[in-house]
Engineer: 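Got a structure for you, written out below as structure tokens; questions coming shortly.
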2 protein chains.
Amino acid sequence: MTVLISKKPEHETIYLRVKEMILFGEVVPGQPVTIHGLADLIGTGVTPAREAIRRLTAEGALVTLENRRIAVPAMTTRRLQQIELVRLTVEPELAEAAVAYVSQNDINELERLDSLVDDAIKGGDIRGYLEANYRFHFHLYHLADAGILRRIAESLWLRVGPSLRVVCGRYGTANLVDHHRAAIQALRQGDAQKTREAMTQDIRQGMGFIQQTATD
Amino acid sequence: MTVLISKKPEHETIYLRVKEMILFGEVVPGQPVTIHGLADLIGTGVTPAREAIRRLTAEGALVTLENRRIAVPAMTTRRLQQIELVRLTVEPELAEAAVAYVSQNDINELERLDSLVDDAIKGGDIRGYLEANYRFHFHLYHLADAGILRRIAESLWLRVGPSLRVVCGRYGTANLVDHHRAAIQALRQGDAQKTREAMTQDIRQGMGFIQQTATD
DNA sequence: TGCTCGATAATTTGATCAAAAGTGCCGTGA
DNA sequence: TCACGGCACTTTTGATCAAATTATCGAGCA
């Protein structure tokens with residue numbers, strides 16, 4: 001019965017749910033995560049919750065403390081440096097590789113997502129901004145045939161999500177700037193180099209913004 | 001009873017065991033991995049085996065097929081390109097960052113490990129080569145205070161382990177060259193730039209070697 | 001021979017339970 | 001007041017079982 005429910009296993013559902021919670025700033029750095037708490041949240045047993053937590057821990061989205069507790073890691077300048085280095089390698093490459101595959105439909109979708117980003121910024125909607133910004137970037141990255149790079153990028157976004165939430169909450173969304181327009185224009189022209197540069201600028205901008213939350 | 005056994009949970013033990021099996025070429029690309037098979041291998045229940053598999057899957061060491069089967073992924077040139085790009089970003093950075101922390105004891109240990117590498121090459125001992133080579137690199141990488149980069153590097157090594165085994169088995173160990181001596185000398189001189197360059201050369205060399213197994 | 005269909009076997013998935021380990025609170029005694 | 005120890009509660013961990021899903025293999029048929 002209930003043939004319409006997803007074919008995904010439960011642990012996949014929990015994984016995706018928690019992943020979005022982290023990416024879109026619904027959790028706070030330092031916040032503890034318990035197996036049973038997750039199971040209750042989704043209304044399922046502890047077994048799939050455990051598997052989802054292991055997966056997120058392996059991706060660096062969660063950390064296991066010295067005892068056996070699990071928590072969302074806090075940001076430090078050292079961590080931020082490492083993340084920026086790899087983001088600046090991986091994401092411009094993904095954007096450049098996407099140029100060869102981008103279609104008119106993709107351009108339209110990217111423009112739609114970018115307008116959602118702008119709306120969220122104007123409206124001060126932090127969660128909406130984080131989600132639209134993520135979807136813009138990863139719609140583009142999905143076009144590139146580069147699963148390894150994309151998964152590294154996702155892992156890095158998971159690490160900055162909570163901090164981005166904090167900094168947006170502190171300084172508001174008004175100061176947010178992005179280079180999505182330049183990227184879209186470069187994509188439309190099929191200019192790989194310009195696409196890469198727009199993405200590089202976008203990342204530098206965002207990481208500089210996050211810098212303000214880094215402790216020590 | 002057995003108070004001397006490790007304080008690690010079972011799933012951690014299984015994870016480390018399978019990780020070494022993959023890193024050191026004890027598994028073949030395409031080889032299926034079953035949850036019960038792992039449990040039997042270690043002599044434990046299926047629950048911790050599942051958690052270990054989820055973790056390795058999240059790290060890209062294993063892949064889930066279209067059905068629910070788990071397997072060791074095969075290498076392709078596209079995957080190899082992506083891995084090389086990130087390795088060339090992350091590992092020279094780790095090596096350079098390690099320079100500031102390296103002690104005389106570390107130098108001695110690196111020389112010992114490098115001699116193990118040479119012995120394994122001379123003796124045609126593939127497993128010994130893979131293990132000593134890994135320990136050389138990651139002893140160095142552990143010195144750098146850069147857990148995020150190191151974990152990315154480990155994830156990438158997990159992806160090349162099975163292929164490295166295949167190519168060594170096919171062409172033997174005689175053709176293996178490395179730049180460990182140059183790296184050690186640069187470390188001894190405290191020359192960060194030279195250390196970075198030696199590591200870059202070492203990676204290029206190794207990835208070129210693996211290229212020979214890539215399909216399509 | 002080559003093919004489909006169906007039954008059996010193997011595997012994953014998720015719930016549940018018991019044991020181990022950790023946390024925090026509260027009262028006693030100096 | 002404060003240190004210390006006991007006790008209850010929470011959480012993780014691993015085993016086990018049932019259900020669901022998938023693979024495998026063989027019989028029947030054109």
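Proteins get letters first, then strands, A, B, ... in listed order; numbering begins at 1 in each.
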Engineer: Would you kindly give the CD-to-C1' distance between B/E66 and C/dT11, to the nearest whole Å?
Structural biologist: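 Those two atoms, CD and C1', are 15 Å apart.
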Engineer: Tell me the interatomic distance from A/K8, atom NZ, to C/dG14, atom C1', rounded to whole angstroms.
Structural biologist: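 Answer to the nearest Å: 18 Å.
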Engineer: Could you tell me the separation between the CD1 atom of A/I14 and the P atom of C/dG14, rounded to a whole number of Å?
Structural biologist: 8 Å
Engineer: May I ask you to list the residues of residues 53-62 of chain B, by number, that have any heavy atom positioned under 4.0 Å from an atom of DNA chain C?
Structural biologist: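 Correct list: B/R54.
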Engineer: Less than 4.0 angstrom from a charged side-chain N to a carboxylate O is my criterion; do B/R87 and B/E84 meet it?
Structural biologist: no
Engineer: Taking only side-chain N and O atoms of A/T44, does any of them lie within less than 4.0 angstrom of OP1 or OP2 on C/dA15?
Structural biologist: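 Answer yes for this pair, as a side-chain N or O of A/T44 is under 4.0 Å from OP1 or OP2.
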Engineer: Take the protein atom CD1 of B/I42 and the nucleotide atom P of D/dG14, then report the distance between them rounded to whole Å.
Structural biologist: 12 Å
Engineer: Any side-chain donor-acceptor pair under 3.5 Å between A/D118 and A/H180?
Structural biologist: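 Their side chains do not contain a donor-acceptor pair, so the 3.5 Å distance test is not met.
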Engineer: What is the distance from CD1 of A/I35 to P of C/dG14, rounded to the nearest Å?
Structural biologist: 15 Å
Engineer: I want to confirm an ordering. Mapping A/P48 and A/R68 to their closest nucleotides on DNA chain C, which one lands closer to the 5' end?
Structural biologist: A/P48
Engineer: Side chains of A/N108 and A/Q104: donor-acceptor distance under 3.5 Å anywhere?
Structural biologist: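 Yes, A/Q104 and A/N108 have a side-chain donor paired with an acceptor closer than 3.5 Å.
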Engineer: Would you classify A/T34 as touching base, sugar-phosphate or nothing, given that sugar-phosphate means primed atoms plus P, OP1 and OP2, and contacts are heavy atoms under 4.0 Å?
Structural biologist: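 Sugar-phosphate only.
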Engineer: Are B/E20 and B/R135 close enough for a salt bridge, meaning some N to O gap below 4.0 Å?
Structural biologist: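 Yes, B/E20 and B/R135 are salt-bridged.
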Engineer: What is the distance, rounded to the nearest whole Å, between atom CG of B/D40 and atom P of D/dA15?
Structural biologist: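 Spelled out: CG on B/D40 to P on D/dA15 is 12 Å.
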Engineer: A side-chain contact here means heavy atoms from C-beta on lying under 4.5 Å apart; do B/D178 and B/Q205 qualify?
Structural biologist: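 Contact flag for B/D178/B/Q205 side chains = no.
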Engineer: May I ask you to decide whether B/E59 forms a salt bridge with B/K19, counting only side-chain N to carboxylate O separations under 4.0 Å?
Structural biologist: no
Engineer: Between P on C/dT12 and CZ on B/R69, what's the gap in Å once rounded to a whole number?
Structural biologist: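 From B/R69 CZ to C/dT12 P: 7 Å.
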Engineer: Do B/M199 and B/E93 come close enough that some side-chain heavy atom pair is under 4.5 Å?
Structural biologist: no
Engineer: To the nearest 10°, let me know how far the axis at one end of the helix from C/dT1-D/dA30 to C/dA30-D/dT1 is tilted from the axis at the other, five pairs an end.
Structural biologist: 10°
Engineer: Check the distance between D/dT12's P and A/E51's CD and give it to me in whole angstrom.
Structural biologist: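 Checked: the CD to P distance equals 15 Å.
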Engineer: Could you work out which one of C/dG22, D/dG14, C/dT16 sits closest to the side chain of B/E10?
Structural biologist: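 My answer, after comparing the listed nucleotides, is D/dG14.
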Engineer: Tell me, please, whether B/Y15 has B/R55 positioned over its six-membered ring: NZ or CZ under 6.0 Å from the ring centre and within 45 degrees of its axis?
Structural biologist: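 Yes, cation above the ring, under 6.0 Å and within 45°.
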Engineer: Between A/Q212 and A/Y171, is any side-chain donor less than 3.5 angstrom from a side-chain acceptor?
Structural biologist: no
Engineer: If you assign each of A/H11 and A/N67 to its closest nucleotide in DNA chain C, which residue comes earlier from the 5' end?
Structural biologist: A/H11
Engineer: What about A/R50, does its side chain sit under 3.5 Å from the base of C/dG14 through a donor-acceptor pair?
Structural biologist: no
